[in-house]
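A short worksheet on the structure shown next.
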Protein chains: 2
Amino acid sequence: MDKELFFQKLVSFTAAVHQVTHDLTKDVKTGDITPVQYKMLEYITVSQPVTLSEISDCLHMSMPNTSRELKKLCEKNLCEKMTDAEDRRKQVIRLSADGEVLMQLAFQRIATLFNQRIQETTLEDLAELERAIDLLSSKLFYVNPR
Amino acid sequence: MDKELFFQKLVSFTAAVHQVTHDLTKDVKTGDITPVQYKMLEYITVSQPVTLSEISDCLHMSMPNTSRELKKLCEKNLCEKMTDAEDRRKQVIRLSADGEVLMQLAFQRIATLFNQRIQETTLEDLAELERAIDLLSSKLFYVNPR
DNA sequence: TTTTTTACTTATCAAATGATAAGTAGGGGG
DNA sequence: CCCCCTACTTATCATTTGATAAGTAAAAAA
């Protein structure tokens, strides 16, 4: 097996993933979200409830910047922040009702676009796609805790 | 098969790809390249020779911004621009010798990091990974021409 | 109880990126 | 030759993002 070619493929693949997701999220402009803010919402959506430190760690953003952007999201009524009852230094962060709606829409949009791409795909192929994603997630694209 | 879950997986997967590639490229700081400039270099590397319009189209950047960033790359001696002999409005863009070296290093870095991740992977698993990438590339993460 | 550490905030600055207007110069009809 | 279109450039501006210093308040350690 040609490893050189394999890594070339990997690079092209990651570039393609970037471009496709870029195309997707650039239209999720409901409520004037910046790209970084969208990423934060995405992370909160799949991981809520979260703390500010967790967002900062996982998205590789500094605490001050994370705090600032989250504040904007709260001002747009997309997130809610609450002081943790057990450790009052911490902030428990969740999507607000508006935020849930927005992300629901965003996910639907993604689903729609991907559905267009898989409409000619058989169920078996779909299952294979899922296995491919699982495999790549576990072997290559897992996120290192630091 | 649960489509809802499938799309959830897709979103998590794309987010993971973003994070991993972010971790990779943030260290390719040789020559103070910005993220956008790195993406341009990556595109030029796999597609050279290219024109400015092609970069602009494929990376979804406006012509003025593409022109500006390419100029910076040329000033850093990473790219070379030549007027097309057949159509003198066009610019033929290639990596310079320095640019080739830089991207070689970048790709090696990527290879190193991914090698760490696959060192315990058998050859059969590797082949399966490659098939997974091929499948996802062809079915989901292909780039639409516009 | 004092000190240190953790979690987060506020303020400020610089750099990167995106958007737009207004150009230049070459190519291709008519 | 004149007009229009294409490919690209230059200049300018607003916004986004990243980085750093200096704070507050609570928890944990000493």
Side-chain angles (χ1 to χ4, degrees), chain A residues 18-19 22-23 25-29 31-44 47 49-76 78-94 146, chain B residues 18-19 21-23 25-29 31-44 49-76 78-94 146:
Chain A
H18 271 84
Q19 277 187 50
H22 179 268
D23 287 356
T25 53
K26 72 162 188 264
D27 293 328
V28 189
K29 287 280 181 182
D32 335 285
I33 318 266
T34 69
V36 170
Q37 284 165 12
Y38 176 78
K39 276 194 184 181
M40 290 174 69
L41 284 178
E42 203 177 76
Y43 176 70
I44 297 168
S47 313
V50 294
T51 66
L52 204 79
S53 312
E54 284 166 351
I55 302 177
S56 165
D57 282 349
C58 291
L59 301 187
H60 304 311
M61 298 168 60
S62 70
M63 280 292 283
N65 292 338
T66 312
S67 179
R68 175 187 61 199
E69 296 308 316
L70 188 76
K71 195 179 170 190
K72 291 179 190 166
L73 287 174
C74 289
E75 281 163 0
K76 289 171 185 170
L78 297 171
C79 285
E80 281 162 0
K81 231 180 350 180
M82 267 183 46
T83 307
D84 188 331
E86 282 158 28
D87 183 342
R88 282 158 52 219
R89 292 170 303 180
K90 291 185 180 174
Q91 294 292 316
V92 180
I93 296 154
R94 281 193 178 77
R146 287 184 299 178
Chain B
H18 272 84
Q19 278 187 49
T21 53
H22 179 270
D23 287 356
T25 54
K26 73 159 187 269
D27 292 328
V28 190
K29 287 279 182 184
D32 337 286
I33 317 268
T34 70
V36 170
Q37 285 166 12
Y38 176 77
K39 276 194 183 179
M40 291 174 68
L41 285 179
E42 201 177 76
Y43 176 71
I44 297 168
V50 294
T51 67
L52 204 78
S53 313
E54 284 168 349
I55 302 177
S56 166
D57 283 349
C58 291
L59 300 186
H60 305 309
M61 298 168 62
S62 70
M63 279 291 282
N65 292 338
T66 312
S67 179
R68 177 187 59 199
E69 297 307 317
L70 188 76
K71 194 179 171 189
K72 292 179 191 167
L73 287 174
C74 289
E75 282 164 359
K76 290 172 185 170
L78 297 171
C79 285
E80 280 161 1
K81 233 182 343 181
M82 268 183 46
T83 308
D84 188 331
E86 281 158 28
D87 184 343
R88 280 158 54 218
R89 292 169 303 179
K90 290 185 181 173
Q91 296 291 317
V92 180
I93 297 155
R94 281 193 178 77
R146 288 184 299 177

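A, B, ... follow the sequence lines: proteins, then strands. Residue 1 opens every chain.
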Not counting sequence neighbours, which residues clear side chain to side chain contact (heavy atoms under 4.5 Å, CB included) with B:Glu42? List them please.
-> A:Val11, A:Ala15, B:Tyr38, B:Met103
Could you tell me whether the side chain of A:Ser47 and the main chain of A:Tyr43 form a donor-acceptor pair under 3.5 Å?
-> yes
Taking CD from B:Glu69 and C1' from D:dC8, how many angstroms apart are they, rounded to a whole number?
-> 15 Å
Tell me whether the OP1 or OP2 atom of D:dT17 has a side-chain N or O from A:Thr34 closer than 4.0 Å.
-> yes
Rounded off to whole Å, could you give me the CD1-to-C1' distance for the B:Ile93 and D:dA7 pair?
-> 11 Å
Is the shortest side-chain N/O distance from B:Lys71 to OP1 or OP2 of D:dT10 below 4.0 Å?
-> yes
Expected string for nucleotides 18-26 of chain C under the B/S/- scheme (protein heavy atoms, under 4.0 Å, primed atoms plus P, OP1, OP2 as sugar-phosphate) is BBBB----B
More 5' along DNA chain D: A:Gln37 or B:Lys90, using each one's nearest nucleotide?
-> B:Lys90
Can you say whether the rings of B:His22 and A:His60 are parallel (under 30°), tilted (30 to 60°) or perpendicular (over 60°)?
-> parallel
Qualifying residues under side chain to side chain contact (heavy atoms under 4.5 Å, CB included), relative to A:Arg68, sequence neighbours excluded | A:Asn65, A:Lys72
Quick one: B:Met63 CE to D:dC5 P, roughly how many Å, whole number?
-> 17 Å
With A:Arg89, which residues qualify under side-chain hydrogen bond (donor to acceptor under 3.5 Å, both in side chains), at least two apart?
-> A:Asp87
Tell me what B:Thr66 touches on the nucleic acid: a base, only sugar-phosphate, or nothing, going by heavy atoms under 4.0 Å.
-> nothing
Would you mind reading off the distance between A:Gln91 atom CD and D:dA26 atom P, rounded to a whole angstrom?
-> 12 Å
Just call it for B:Lys39: base, sugar-phosphate, or nothing, with non-hydrogen atoms closer than 4.0 Å on any strand.
-> nothing
Residues forming a side chain to side chain contact (heavy atoms under 4.5 Å, CB included) with B:Arg94, sequence neighbours excluded | B:Gln48, B:Pro49, B:Val92
Separation of atom CG in B:Leu59 from atom P in C:dT17, rounded to whole Å | 12 Å
Grab the CD1-P distance between A:Ile55 and C:dT9 for me, whole Å please.
-> 10 Å
Can you list the residues that meet the side-chain hydrogen bond (donor to acceptor under 3.5 Å, both in side chains) rule with A:Lys81, with sequence neighbours excluded?
-> none
